[in-house]
Amino acid sequence: MTTSWLDLPADHLFGLATLPYGVFSTAADPRRRVGVRVGDHVLDAAAAAEHAGMESGVCWDRPSLNDFLSRGHHAWAAGRAWLIEVLTDPMYRDAVEPHLLPVADVTLHLPFEVADYVDFYASEHHASNVGRIFRPDSEPLTPNWKHLPIGYHGRAGTVVVSGTDIVRPCGQRKAPSDPAPTFGPSRRLDIETELGFVVGGATPLGQAVPIDEAVEHLFGVVLLNDWSARDIQAWEYVPLGPFLGKSFGTSISAWVVPMAALESAHVPLPGQDPQPLDYLRGDEASAFGLDIHCEVRVNGTVVSRPEYADMYWSPTQMLAHLSVNGASLRDGDLFGSGTISGADKQTRGCLLELTWSGQEPVTLEDGTTRAFLEDGDTVTITGWAPGPDGARIGLGEVAGTIRPARR
């Protein structure tokens with residue numbers, strides 16, 4: 001295992017095998033710039049590059065990762081290789097160490113400017129459960145579900161960094177027994193435990209990205225919580241799908257873990273039947289799953305442990321599908337996996353499934369129960385993946401607290 005002159009513990013989630021990117025500022029220097037998490041420190045990447053002789057490090061002296069994202073996968077690989085070199089070779093210590101800041105002393109910001117945001121629906125278990133809840137008299141999966149990755153376009157402007165409060169949304173609601181819709185705060189506010197994939201290497205309009213090239217446009221992953229107002233969603237989603245029930249807030253973790261850090265976490269997909277069409281069909285190198293373990297807490301109580309390896313569609317299939325019609329990729333595009341859910345109840349990634357639409361509330365450690373979220377509730381999602389030589393790759397956390405609706 002590669003060791004650092006920082007003498008990091010071998011089991012640290014943010015060791016040299018992880019090295020995620022983020023954007024930070026400090027009280028002494030409020031400029032936003034790119035940082036890299038190393039153990040319990042944040043490396044001021046541009047300052048370290050300047051003093052350690054890396055000319056191209058200027059792309060890190062920016063208030064977002066978008067410049068770096070635009071440079072493509074060769075630059076991403078070179079940047080990661082340089083970081084590992086200067087953090088392991090003692091000859092760089094004097095140049096780099098002054099630019100390591102305690103993580104407790106920095107403020108973290110949204111790590112990239114979100115260009116477009118798409119949310120998929122890639123878990124067969126989640127889609128089947130939601131189908132049974134929302135359409136009890138129909139087949140759980142729609143006829144197209146196993147032929148293409150279902151998705152919808154969200155709002156890039158409502159993607160926020162972990163720690164940002166979420167205001168309870170208002171909208172139209174109508175239960176099946178109600179004679180007419182009413183307007184007001186959502187009564188069935190929910191979470192969705194997801195991975196978000198950060199895209200770089202822009203493409204021109206009209207050019208599709210083949211599945212065997214899709215991974216070259218996947219910069220990294222974030223933990224993602226696509227907050228959902230289930231009562232607003234249930235009334236509005238037919239015939240065009242989610243809208244106001246989803247677009248009020250999507251939280252992402254502050255650290256973007258490079259795809260290169262997750263190579264040891266690649267696993268085969270669970271199996272796809274029927275076989276997808278040619279443009280979605282890849283080998284294990286180009287259509288893969290990820291062995292990522294998540295944990296969901298509500299007010300400190302663990303309510304679920306979703307496993308990303310259960311997901312039906314690969315992230316590369318999702319990216320190939322969203323571009324197959326010629327839609328351009330933009331630096332800073334973000335797409336969510338959809339809720340991560342498994343076959344077992346304890347692996348369901350949202351309250352809609354965990355409580356079966358409120359019929360089976362979960363009990364928290366303080367003795368209270370939840371069917372859906374109440375004002376003041378804090379939801380925290382964490383995650384990790386296996387790394388090389390027994391290391392673990394930390395994905396950090398995405399957290400948010402519910403605030404009352406604003407009339």
Side-chain angles (χ1 to χ4, degrees), residues 56 59 62 64-79 110-122 142-159 194-222 224 226 239-243 246-247 250 252 256 258-260 269 272 274-288 290 311-338:
S56 59
C59 67
R62 301 285 188 269
S64 78
L65 281 166
N66 291 59
D67 188 352
F68 189 40
L69 295 176
S70 73
R71 304 191 179 210
H73 71 283
H74 292 300
W76 308 339
L110 194 69
F112 57 98
E113 295 177 16
V114 182
D116 284 312
Y117 168 53
V118 173
D119 196 38
F120 282 98
Y121 198 38
T142 54
N144 58 354
W145 197 91
K146 288 195 172 183
H147 292 275
L148 55 88
I150 302 293
Y152 74 91
H153 286 273
R155 292 192 63 154
T158 55
V159 177
E194 306 189 24
L195 280 190
F197 295 89
V198 183
V199 174
T203 59
L205 188 65
Q207 176 178 308
V209 176
I211 190 168
D212 57 357
E213 296 178 15
V215 73
E216 297 179 0
H217 295 274
L218 294 177
F219 172 75
V221 304
V222 291
L224 186 151
D226 197 35
L240 292 181
F243 188 43
K246 299 278 192 176
S247 61
T250 300
I252 64 171
V256 184
M259 291 299 293
L269 293 172
Q272 296 181 330
Q275 193 173 55
L277 296 178
D278 287 348
Y279 78 95
L280 291 171
R281 194 179 306 163
D283 56 21
E284 286 193 6
S286 61
F288 52 84
L290 291 167
M311 301 297 273
Y312 188 89
W313 292 104
S314 169
T316 54
Q317 290 174 317
M318 292 182 244
L319 190 141
H321 183 65
L322 72 82
S323 71
V324 73
N325 66 345
S328 57
L329 300 183
R330 302 169 66 194
D331 302 315
D333 278 354
L334 171 68
F335 67 90
S337 63

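Residue indices begin at 1 and follow the sequence shown.
At a threshold of 4.5 Å between non-hydrogen side-chain atoms, the residues Pro315 and Phe288 count as touching. Proximity of Phe112 to Asp333: side-chain heavy atoms (C-beta onward) are nowhere separated by under 4.5 Å. The shortest distance between side-chain heavy atoms of Gln317 and Leu148 does not fall below 4.5 Å. In this structure the side chain of Leu218 reaches within 4.5 angstrom of the side chain of Thr316, judged on heavy atoms. Lys146 is not listed as a side-chain neighbour of Gln272, based on a closest heavy-atom distance of 4.5 Å or more. In this structure, His147 and Leu277 have side chains that are not in contact, with every pair of non-hydrogen atoms separated by 4.5 Å or more.
Applying the side-chain hydrogen bond (donor to acceptor under 3.5 Å, both in side chains) rule to Asn66 yields the partners Ser64; only residues at least two apart in sequence or on another chain are considered. For Trp76, the side-chain contact (heavy atoms from CB on, under 4.5 Å) partners are Phe68, His73, Phe219, not counting sequence neighbours. Residues satisfying the ring pair (Phe, Tyr, Trp, His ring centres under 6.0 Å) criterion with Tyr152, sequence neighbours excluded, are absent altogether. For Ser323, there are no side-chain hydrogen bond (donor to acceptor under 3.5 Å, both in side chains) partners two or more places apart in sequence or in a different chain. Under the rule for a side-chain hydrogen bond (donor to acceptor under 3.5 Å, both in side chains), Arg155 has no partner lying at least two apart in sequence or in another chain.
Closest of all the heavy-atom pairs between Leu110 and Val114 is CD2-CG2, 4.5 Å. Nearest approach of Val221 to Met259, heavy atoms of both residues: CG1-SD, 3.7 Å. Residues Ala122 and Met318 come closest through the heavy atom pair CB-CE, 3.8 Å.
The distance from the CD atom of Glu113 to the CG atom of Asp67 is 10.5 Å, given to the nearest 0.5 Å. From Ser70, atom OG reaches atom CZ of Arg62 across 9.5 Å, with rounding to the nearest 0.5 Å. Rounding to the nearest 0.5 angstrom, the gap separating the CG atom in Asp226 from the OG1 atom in Thr158 is 8.5 Å. Going from atom OH of Tyr117 over to atom CG of Asp119 covers 3.5 Å, rounded to the nearest 0.5 Å.
Tyr312 has its ring centre less than 6.0 Å from the ring centre of Trp145.
Within the 3.5 Å criterion, the main-chain N or O of Ala287 finds no donor-acceptor partner in the side chain of Ser314. When atom types are taken as modelled, the side chain of Ser247 and the backbone of Phe243 share a donor-acceptor pair closer than 3.5 angstrom. Looking only at distances, a side-chain donor or acceptor of Glu194 sits under 3.5 Å from a matching main-chain atom of Gly338.
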Quiz: residues 197-215 side-chain donor-acceptor pairs under 3.5 angstrom, not counting sequence neighbours:
unit_1, atom_1, unit_2, atom_2, d
Thr203, OG1, Leu329, N, 2.8

Would you check, one step at a time, whether the test side-chain contact (heavy atoms from CB on, under 4.5 Å) holds for Val159 with Leu334?
CA-CA 10 Å; Val159 177; Leu334 171 68; 4.1 Å; yes
The test is side-chain contact (heavy atoms from CB on, under 4.5 Å); show your working for Leu65 and Val256 and say whether it passes.
CA-CA 10 Å; Leu65 281 166; Val256 184; 4.0 Å; yes
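A perpendicular orientation is assigned to the rings of Phe335 and Phe120, their planes being inclined by more than 60° (bins at 30° and 60°).
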